[in-house]
Amino acid sequence: MSNEPLVLLGNADKWLAESLESVLTQGGYRVMATTKRQQVLELARRYVPDGIVLDMGLDQRVSDNLALCRALRADPGISRATPIILTTAGPALRAQQLEALRAGAWELRGDPLDIEELILRLGVYVQGKLEVDRLGIEGMIDRASGLYNDTGINRRSAELAAFTARQGLPLACVVFQPDNGDLSAGAADRLAQALQRAGRISDVVGRTGPAEFAVFAPATDETGAEGLVQRITDAVSRAAAVKLRAGISAAPAAKRPSGARASTSLPQPTPPSPTDLLDRARNALR
């Protein structure tokens with residue numbers, strides 16, 4: 001399997017966990033394993049696995065041994081397309097299988113565990129999840145340039161605004177348009193490709209019109225945005241022979257109470273509105 005999909009393995013049985021990890025690794029997966037119930041949800045949120053294999057024995061100390069599965073499936077940070085396969089000691093009775101499905105699992109496997117079949121089924125499920133991911137990404141990307149389209153820039157700028165607010169960082173938005181009027185479709189695509197090459201990895205760069213482009217830059221104030229404009233206009237001028245005009249807007253760093261950290265239980269700062277930043281940058285075009 002290409003790109004080594006990531007599988008989260010939660011199993012209290014150390015011997016079985018090691019066996020599964022070995023087989024999965026040989027099958028082309030990266031494996032993140034834990035024997036602790038409290039780590040499963042944390043790891044799933046942090047690393048967003050492509051598949052989860054979960055031992056129901058991890059929930060044996062609580063009255064509902066499907067609680068962890070339900071929590072995983074309900075978490076908004078974990079894709080609904082992520083397969084969750086449950087395993088249990090002893091045979092998997094029909095009533096248990098139905099309850100597992102209701103809890104959001106894709107299936108429940110009991111003893112004796114056929115590891116080969118488990119891996120084959122997981123492979124089918126993971127390929128489906130990766131295809132959903134691919135289609136989702138393609139739906140946010142401008143095919144001609146690889147930049148985000150309107151849908152992508154709206155989603156990613158909102159995520160970036162929330163991140164900068166949590167971290168107490170400024171956020172700048174810059175809008176670029178060609179200075180010499182309308183461009184042909186081919187020239188606009190070449191301009192978009194030049195913008196794509198000029199962007200920084202940390203920035204969210206989108207094509208918001210045939211020849212209009214927006215850059216959301218984290219940890220960047222108005223002065224930093226002016227430097228960003230100079231760098232990109234110079235790069236595009238060299239690569240595409242197009243002169244750009246730009247408009248800038250910036251949201252200052254959110255203030256926190258003295259000594260407060262992002263992980264505290266204090267109310268989180270309100271993220272800046274990416275839509276407002278984009279409108280202000282457009283109005284500032286010169």
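Quick caveat: nothing in here was measured; it's all calculated off a predicted structure. Values below: all heavy atoms of this structure, side chains included; hydrogens, waters and symmetry mates excluded.
Here the side chains of Leu228 and Asp203 are in contact, with some heavy-atom distance below 4.5 Å. Gln196 places none of its side-chain heavy atoms less than 4.5 Å from the side chain of Asp142. With a 4.5 Å cut-off on side-chain heavy atoms, Thr88 and Arg109 do not count as touching. In this structure the side chain of Leu72 never reaches within 4.5 angstrom of the side chain of Thr82, judged on heavy atoms. Looking at Thr34 and Leu58, their side chains never come closer than 4.5 Å, going by heavy atoms from C-beta outward. Considering only heavy atoms from C-beta on, Ile141 comes within 4.5 Å of Tyr148 through its side chain. A 4.5 Å side-chain heavy-atom check between Tyr29 and Val126 finds at least one atom pair inside the cut-off. Counting heavy atoms from C-beta on, the side chains of Leu169 and Phe163 come closer than 4.5 Å.
Arg80 and Trp106 make their closest contact through O-CZ2, 4.2 Å (heavy atoms, listed as atom of the first residue, atom of the second, distance). A pairwise comparison of heavy atoms in Ala214 and Ile153 identifies O-CD1, 4.2 Å as the closest pair. Annotation for Thr220 and Gly224: closest pair CG2-C, 3.5 Å, computed over non-hydrogen atoms. Between Arg245 and Asp179, the shortest heavy-atom contact is CD-OD1, 3.7 Å. Among all heavy-atom pairs drawn from Gly110 and Ala92, the shortest one is N-CB, 3.8 Å. The two residues Pro170 and Thr164 make their nearest non-hydrogen contact at O-CG2, 4.0 Å.
When atom types are taken as modelled, the side chain of Arg231 and the backbone of Ala198 share a donor-acceptor pair closer than 3.5 angstrom. At distances below 3.5 Å, at least one donor-acceptor pair connects side-chain atoms of Ser19 with backbone N or O atoms of Trp15. Judged by distance alone, the side chain of Ser237 and the main-chain N or O of Thr233 form no donor-acceptor pair under 3.5 Å. Asp221 contributes no side-chain N or O that, together with a main-chain N or O of Pro252, makes up a donor-acceptor pair within less than 3.5 Å.
Rounding to the nearest 0.5 Å gives a distance of 8.5 Å between OG of Ser157 and CG of Leu277. Rounded to the nearest 0.5 angstrom, Arg207 CZ and Asp150 CG are separated by 11.0 Å. One distance of note links CG of Leu9 with CD1 of Ile85; it measures 11.0 Å at 0.5 Å rounding. Atom CG of Leu24 is separated from atom CD1 of Ile119 by 4.0 Å, given to the nearest 0.5 angstrom. Separation of atoms OG1 (Thr87) and CG (Asp13) is listed at 9.0 Å; rounding is to 0.5 Å. Remark: Glu212 CD to Arg282 CZ distance equals 4.0 Å, nearest 0.5 Å.
Tested against Phe176, the residues Val215, Val236, Leu285 include a single side chain to side chain contact (heavy atoms under 4.5 Å, CB included) partner, Val215.
Between Glu21 and Thr25, the side chains place no donor N or O within less than 3.5 Å of an acceptor N or O (distance only, hydrogens not considered).
The environment of Glu116 atom CD is sparse: at most 12 non-hydrogen atoms of other residues, nucleotides or ligands sit within 6.0 angstrom. The number of heavy atoms from other shown groups lying within 6.0 Å of CZ (Arg134) is above 12. Heavy-atom contacts from other residues, nucleotides or ligands closer than 6.0 Å to CZ of Arg70 number more than 12.
Under a hydrophobic clustering in which Ile, Leu, Val, Met, Phe, Trp and Tyr are joined whenever their side-chain heavy atoms come within less than 4.5 Å, directly or via other members, Leu278 and Val205 fall into different clusters. Cluster annotation: Leu195 and Met140 are assigned to distinct hydrophobic clusters (Ile/Leu/Val/Met/Phe/Trp/Tyr, side-chain heavy-atom contacts under 4.5 Å, transitive). In the hydrophobic clustering of this structure, Tyr125 groups with Val31; members are Ile, Leu, Val, Met, Phe, Trp, Tyr whose side-chain heavy atoms approach within less than 4.5 Å, directly or through other members. A continuous path of hydrophobic side-chain contacts links Val175 to Phe216 [ILVMFWY only; heavy atoms under 4.5 Å]. Both Val40 and Met56 are part of a single hydrophobic cluster, where members link through side-chain heavy atoms under 4.5 Å apart.
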Applying side-chain contact (heavy atoms from CB on, under 4.5 Å), run through Gln127 and Glu131 and close with a yes or a no. CA-CA 6 Å; Gln127 288 292 356; Glu131 180 66 7; over 6 Å; no
Hey, mind stepping through Asp50 and Leu130 against side-chain contact (heavy atoms from CB on, under 4.5 Å) and telling me if it holds? CA-CA 7 Å; Asp50 299 302; Leu130 294 176; 3.5 Å; yes
Apply the test side-chain contact (heavy atoms from CB on, under 4.5 Å) to residues Val242 and Leu244: give CA-CA distance (whole Å), side-chain angles for both, the deciding distance (0.1 Å), then the verdict. CA-CA 6 Å; Val242 174; Leu244 295 174; 4.2 Å; yes
Leu16 vs Leu113, side-chain contact (heavy atoms from CB on, under 4.5 Å): CA-CA, chis, key distance, verdict: CA-CA 10 Å; Leu16 180 57; Leu113 183 63; 4.1 Å; yes
Where do Asp189 and Gln193 land on the side chain to side chain donor-acceptor pair (under 3.5 Å) test, with the steps shown first? CA-CA 6 Å; Asp189 285 346; Gln193 291 159 8; 5.8 Å; no
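Residues forming a side-chain hydrogen bond (donor to acceptor under 3.5 Å, both in side chains) with Arg190 (at least two apart in sequence, or on another chain): none.
Salt bridge status for Lys129 with Asp133: present, with a side-chain N to carboxylate O gap under 4.0 Å.
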